[in-house]
Amino acid sequence: MTDTETSENTAKPPRRTTGDHLRLLAFDIEPGTRWDVECDVAAMPATWFTELDKQWRARPFGRPGHSLPTSSLKELLCGIDPAIMYVNWDLRSDDFIVAFPGIDTYVVTDAIASWATTEITDQVDWYQMLKPADLVFERRCFNLLEYAVRANGTAAVAPHVYQMLPSFLAKEVVDKKLDLLGKARRDFILGPLSVKPAITIPCQRSAVVYHKSGRKDHGGDKAFWRYGSTCAD
């Protein structure tokens, strides 16, 4: 048997393409259309920010011009509670946290205390200082399709649309158990919220369903998999 024949007999089958399983959608918004939703919004308590900033400035690398390390806080909060759809990098903002109604203030407060202990200083008992009752959420209405028109005729999308619309689209898939790709209705859950570095970069939110059964991979071994639908603005 030649080397060529041996190579042909042991060649792996071609990989299955995913071209027929990927759907990229784009929609036009009719002028004047609205999608009004209610969200819970909270500002960081002024006493919290004052103490966090004071302790941060006392550290050698907390000199003027260096902001608090909020990127890690955004990642933590977005992963700790699926109700959260946006965390502002500016802790002094009026919309520090935007969430679906029903957010757990105790969980959020403990998460902030954990972040402060790790990133700011462990010389302060943040768990004792930060009180869940101080973190007050207020119900606010947003238009998820809000935009203005620039002088050149292009759309100027409102900043909150970039951050909130993907979460509500993913929630629609979860709540209504939409039929996707011609498959039977599935029980989706909200997947993780991606954290983007700038307000003009859209967030992404996934609707995910996990299958209890597995499929055979190319080597014949059983492999577990998941099906997901990612919503991005």
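Of the inter-residue distances, the one linking I84 atom CD1 with I103 atom CD1 reads 4.0 Å to the nearest 0.5 angstrom. Note that CG of L73 and CD1 of I97 are 7.5 Å apart. Values are rounded to the nearest 0.5 Å. T117 OG1 to I120 CD1: the interatomic distance, rounded to the nearest 0.5 Å, is 9.5 Å. With rounding to the nearest 0.5 angstrom, the CH2 atom of W89 is 10.0 Å from the NZ atom of K74. Distance check: L52 CG to M44 CE gives 5.5 Å after rounding to the nearest 0.5 Å. For the atom pair CG (D104) and OG1 (T109), the distance works out to 8.5 Å, reported to the nearest 0.5 Å.
The shortest side-chain heavy-atom distance between P45 and L135 falls under the 4.5 Å cut-off.
A99 approaches M85 most closely through the heavy-atom pair C-CE, 3.7 Å. Across every non-hydrogen atom of S67 and R57, the tightest pair is CA-NH2, 4.3 Å. The heavy-atom pair separating T121 from Q123 by the smallest distance is OG1-N, 3.1 Å. The two residues A43 and S93 come nearest to each other via the heavy atoms CB-O, 3.7 Å.
Residues F49 and V136 are members of separate hydrophobic clusters, defined by side-chain heavy-atom contacts under 4.5 angstrom among Ile, Leu, Val, Met, Phe, Trp and Tyr. Transitive grouping of hydrophobic side chains (ILVMFWY, heavy atoms separated by less than 4.5 Å) keeps L77 and Y127 in distinct clusters.
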_Walk me through whether F100 and S167 qualify under side-chain contact (heavy atoms from CB on, under 4.5 Å)._
CA-CA 9 Å; F100 293 114; S167 286; 4.0 Å; yes
*Test D40 against V98 for side-chain contact (heavy atoms from CB on, under 4.5 Å), laying out the working first.*
CA-CA 6 Å; D40 285 349; V98 180; over 6 Å; no
*Test side-chain contact (heavy atoms from CB on, under 4.5 Å) on D94 and N88 and set out the steps.*
CA-CA 9 Å; D94 291 337; N88 201 317; over 6 Å; no
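No hydrogens or angles considered: a donor-acceptor pair under 3.5 Å links the side chains of W115 and S72.
V41 pairs in a side-chain contact (heavy atoms from CB on, under 4.5 Å) with only one of the listed residues (R140, R139, E138), which is R140. Checked against H160 for a ring pair (Phe, Tyr, Trp, His ring centres under 6.0 Å), the options F142, Y86, F168 give a single hit: F142.
The environment of K54 atom NZ is sparse: at most 12 non-hydrogen atoms of other residues, nucleotides or ligands sit within 6.0 angstrom.
Using modelled atom types, no side-chain atom of S114 and backbone atom of D110 make a donor-acceptor pair closer than 3.5 Å.
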Cut-off 3.5 Å, no hydrogens considered: what does the side-chain donor-acceptor table look like for residues 143-150, sequence neighbours left out?
unit_1, atom_1, unit_2, atom_2, d
N143, OD1, W35, N, 3.0
N143, OD1, L145, N, 3.0
R150, NH1, T154, OG1, 3.2
R150, NH1, A155, O, 2.6

